[in-house]
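Okay, structure first, notes after.
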Amino acid sequence: MMTTLSFMVAAGGTFDSVAVKELFFAVAIILAVARVLGELARHFGQPPIVGEIAAGVLLGKTILGRFAPETYEGLFGSELGTSAEIGLAALLTVSAAMLLLVAGLEVDLKAINRERRATTFVALMSMLVPFGLGFVAAWFVPGMLAHELDNKLVFSLFFGVALSITALPVIAKILMDLGLQRSDLGVVVLASAVANDLIGWIGFASVLALAGAGTGNNLWTTIGLTIGFAVLCLTLFRKLATPFLTWVQARGGWPTGVLGAVFVVAFLAAAFTEWIGVHAIFGAFLAGVIFADTGRLRVRTLQSVEDIVGAIFAPLFFATIALNVDFFGNFDLVSVLVVMVIAIVGKLVGGWAGARMAGLGKRESWAIGAGMTARGAMEIILAELALEAGIIGNELFVAIVIMSLVTSIIAGPAIERILARPAGLTLTGLLKSGHVLIDMEANNSSEAIAELAKAAKLPAETVAVAVAREERMPTGMPDGWAMPHARCDGLKAPVVVLGFCRSGVDFLASDGNQAQIATFLATPEEADELHLQLLAAVARVFGDDKVRRELIEAKTTHEVLAAIRVAEAEHNGHG
């Protein structure tokens, strides 16, 4: 039986303790620096990927290779033993597969059904517009993208597909930070991103096959097998996933049994897609989609997978891909600007146009377009695979990485700016003293909504709308709070009610915690934009850990209102 190390020998390496030492030493350095800079980026409110890429830039050809070339060559360059180099490359492939597995596990296909009309238009237009712009630019002015054409069609198709994909994990985090992931806007953006990713990765798999980057299978056989496998994963295999995991749970430990089963299926799917001629990570992504909505992957299990990937595989991957690229030497200003403009304009206009076609308001449509611009990890993984397959060069790779980081950073603030509430409209102004319930008696989410609505003397119709919406899309947020909301016909002005559930009420939060604080928002039916603005305002205040702790400790309505007033003033001052 061939072990990993014997595989390294067969591949041309020398199996000895020196190779093992070099491999583990290189991995330790990369992981340590990537984790430190990733946490530093998080501390400053940026995605960890920014710090992880910076670690690769620091340790790689860009900085260390430029100012201390001998050290770089000894650690990661030509002096790194062949066996260690192969081992590092294998680890990089596994890391990419694990990242796509997590991305697949976050796919919620049911969300597409909940907002079918808006999702269809937004998903379609947010792919067609950037794809068209990207394809045309690559076809007619490849020189502006610092690219010399070997295969004009392959390059143009790749660039169009690359700009069509949206980073689902990045968008999910942005919407969660803004408290909008359970809003109608959030559902449309997330569902559209799911559709973008599914279609985009199938398209990219076909481009890889067209480029001859696979195993040598017949082109149309590879494309047919790719699409056929994707269809099976989205239909039959998804239906079989729940009984399969039920069987595993009945016979194995928890959560280790389920975790093991998910990883086994992911590796098998990765092996299959690699065999048919496309990259292994496409199979890992589809494996995640298979298990995403089984109901058998509890919060703890999913969190375990995300923690493992986030702590080890993600920083290793993003730091390592930046090691061997000189970001200074391969920086081409024209290609960076072209990629940036097409990427932002394509998604922004495409998302806006789709939302308007679905009948959504102007401000809401622009916010959806801004959300769809985020690229992040998915785009960087795709660019790395294209570089590896020889479809693009280092200059365009650098441009795509820069674009991915910039769009990940600016998407959240852009949405927040678009949804900024009108001047003079404050939560404390809407939150009357009688609308604060210090001790609620509700035992479940429906009772909590009814109790909050009763305090504001809202009609039964409003309660029914809010309860129905809560059952369809639960509004529980991580760390013990919930924000049920509804748009109601006949309501003249927005209403905000705050209640404290000291013993906790289950609003089905993603972290499994019960809500101790519930903020109920009701707005007039026609006030779509105001509704989103107020949701964002509520999230800014109650999403702050410090504010929630102060509110939980408050004993009187006066203390509650004072804490919210101070929090609003601080947030407005920062804005």
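Salt bridge annotation for Glu559-Lys555: absent, with no cationic side-chain nitrogen under 4.0 angstrom from a carboxylate oxygen.
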Residues Leu498, Ile564; criterion side chain to side chain contact (heavy atoms under 4.5 Å, CB included); working and verdict
CA-CA 11 Å; Leu498 172 63; Ile564 295 174; 3.8 Å; yes
Given Leu521 and Leu535, is the side chain to side chain contact (heavy atoms under 4.5 Å, CB included) satisfied, shown in steps?
CA-CA 8 Å; Leu521 169 67; Leu535 278 178; 3.9 Å; yes
Evaluate the side chain to side chain contact (heavy atoms under 4.5 Å, CB included) criterion for residues Val505 and Asn443: first the C-alpha distance (whole Å), next the side-chain angles of each, then the deciding distance (0.1 Å), finally the verdict.
CA-CA 6 Å; Val505 170; Asn443 296 310; over 6 Å; no
Given Ile49 and Ile380, is the side chain to side chain contact (heavy atoms under 4.5 Å, CB included) satisfied, shown in steps?
CA-CA 10 Å; Ile49 187 178; Ile380 294 173; 3.5 Å; yes
The test is salt bridge (charged side-chain N to carboxylate O under 4.0 Å, His left out); show your working for Glu553 and Arg549 and say whether it passes.
CA-CA 6 Å; Glu553 294 172 358; Arg549 285 195 299 269; over 6 Å; no
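Rounded to the nearest 0.5 angstrom, Phe317 CZ and Glu52 CD are separated by 11.0 Å. To the nearest 0.5 Å, atoms CD1 (Ile438) and CZ (Phe500) are separated by 5.5 Å. The CD1 atom of Ile290 sits 10.0 Å away from the CZ atom of Phe244 when rounded to the nearest 0.5 Å. Once rounded to the nearest 0.5 Å, the distance linking CZ of Phe291 with OG1 of Thr242 reads 9.5 Å. Note that CD1 of Ile171 and OG of Ser408 are 9.0 Å apart. Values are rounded to the nearest 0.5 Å. Separation of atoms CG (Asn444) and CZ (Phe507) is listed at 8.5 Å; rounding is to 0.5 Å.
Taking every heavy atom of both residues into account, Val541 and Ala567 meet most closely at CG1-CB, 4.0 Å. When all heavy atoms of Gly480 and Asn513 are compared, the pair lying nearest together is N-CB, 4.3 Å. Across all their heavy atoms, Val188 and Ala118 have their closest contact at CG2-CB, 3.8 Å. Listed here is the closest heavy atom pair of Pro494 and Pro524: N-CD, 4.0 Å. Annotation for Gly350 and Val129: closest pair CA-CG2, 3.8 Å, computed over non-hydrogen atoms. What you find for Gly499 and Met440 is that their closest heavy atoms are CA-SD, 3.5 Å.
No side-chain donor-acceptor contact under 3.5 Å links Glu470 and Ser446. The closest side-chain donor-acceptor pair between Ser164 and Asn196, if any, does not fall under 3.5 angstrom.
No donor-acceptor pair closer than 3.5 Å links the side chain of Arg35 to the backbone N or O of Leu31.
Within the structure, the ring pair (Phe, Tyr, Trp, His ring centres under 6.0 Å) test picks out no pair touching residues 447-471 (sequence neighbours left out).
For Arg565, there are no salt bridge (Lys or Arg N to Asp or Glu O under 4.0 Å) partners at least two apart in sequence or on another chain. With sequence neighbours excluded, no residue satisfies side-chain hydrogen bond (donor to acceptor under 3.5 Å, both in side chains) with Glu550. Remark: Thr523 pairs with His531 by the side-chain hydrogen bond (donor to acceptor under 3.5 Å, both in side chains) rule, at least two apart or across chains.
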Using a 3.5 Å cut-off and no angle test, enumerate the donor-acceptor pairs between side-chain atoms of residues 355-378 and protein atoms at least two apart in sequence or in another chain.
residue, atom, partner, partner atom, Å
Arg356, NH1, Leu360, O, 2.8
Arg363, NH1, Ile418, O, 2.7
Ser365, OG, Gly361, O, 2.6
Thr373, OG1, Ala370, O, 2.6
Arg375, NE, Ile165, O, 3.2
Arg375, NH1, Ala343, O, 3.3
Arg375, NH1, Thr373, O, 2.7
Arg375, NH2, Leu163, O, 2.7
Arg375, NH2, Ala343, O, 3.2

Donor-acceptor list for residues 450-464 side chains, cut-off 3.5 Å, not counting sequence neighbours:
residue, atom, partner, partner atom, Å
Glu451, OE1, Glu441, N, 3.2
Glu451, OE1, Ala442, N, 3.1
Glu451, OE2, Glu441, N, 3.1

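In this structure the side chain of Val349 never reaches within 4.5 angstrom of the side chain of Leu133, judged on heavy atoms. Side-chain atoms of Val309 and Leu99, non-hydrogen and from C-beta on, do get closer than 4.5 Å to each other. Phe520 places none of its side-chain heavy atoms less than 4.5 Å from the side chain of Val496. Inter-residue side-chain proximity for Val497 and Thr519 is flagged as unmet; no heavy-atom pair is nearer than 4.5 Å. Side-chain atoms of Leu101 and Ile281, non-hydrogen and from C-beta on, never get closer than 4.5 Å to each other. When side chains are defined from C-beta on, Thr166 does not count as touching Ser192, because their heavy atoms never get closer than 4.5 Å. Looking only at side-chain heavy atoms (C-beta outward), Thr119 and Val187 stay at 4.5 Å or farther from each other. Taking 4.5 Å as the limit, every side-chain heavy atom of Trp352 sits out of range of all side-chain heavy atoms of Leu348.
Here the rule is side chain to side chain contact (heavy atoms under 4.5 Å, CB included) with Leu405, and of Ile410, Ile53, Ile400 only Ile53 fits it. Checked against Trp481 for a side chain to side chain contact (heavy atoms under 4.5 Å, CB included), the options Val538, Val547, Thr475 give a single hit: Val538.
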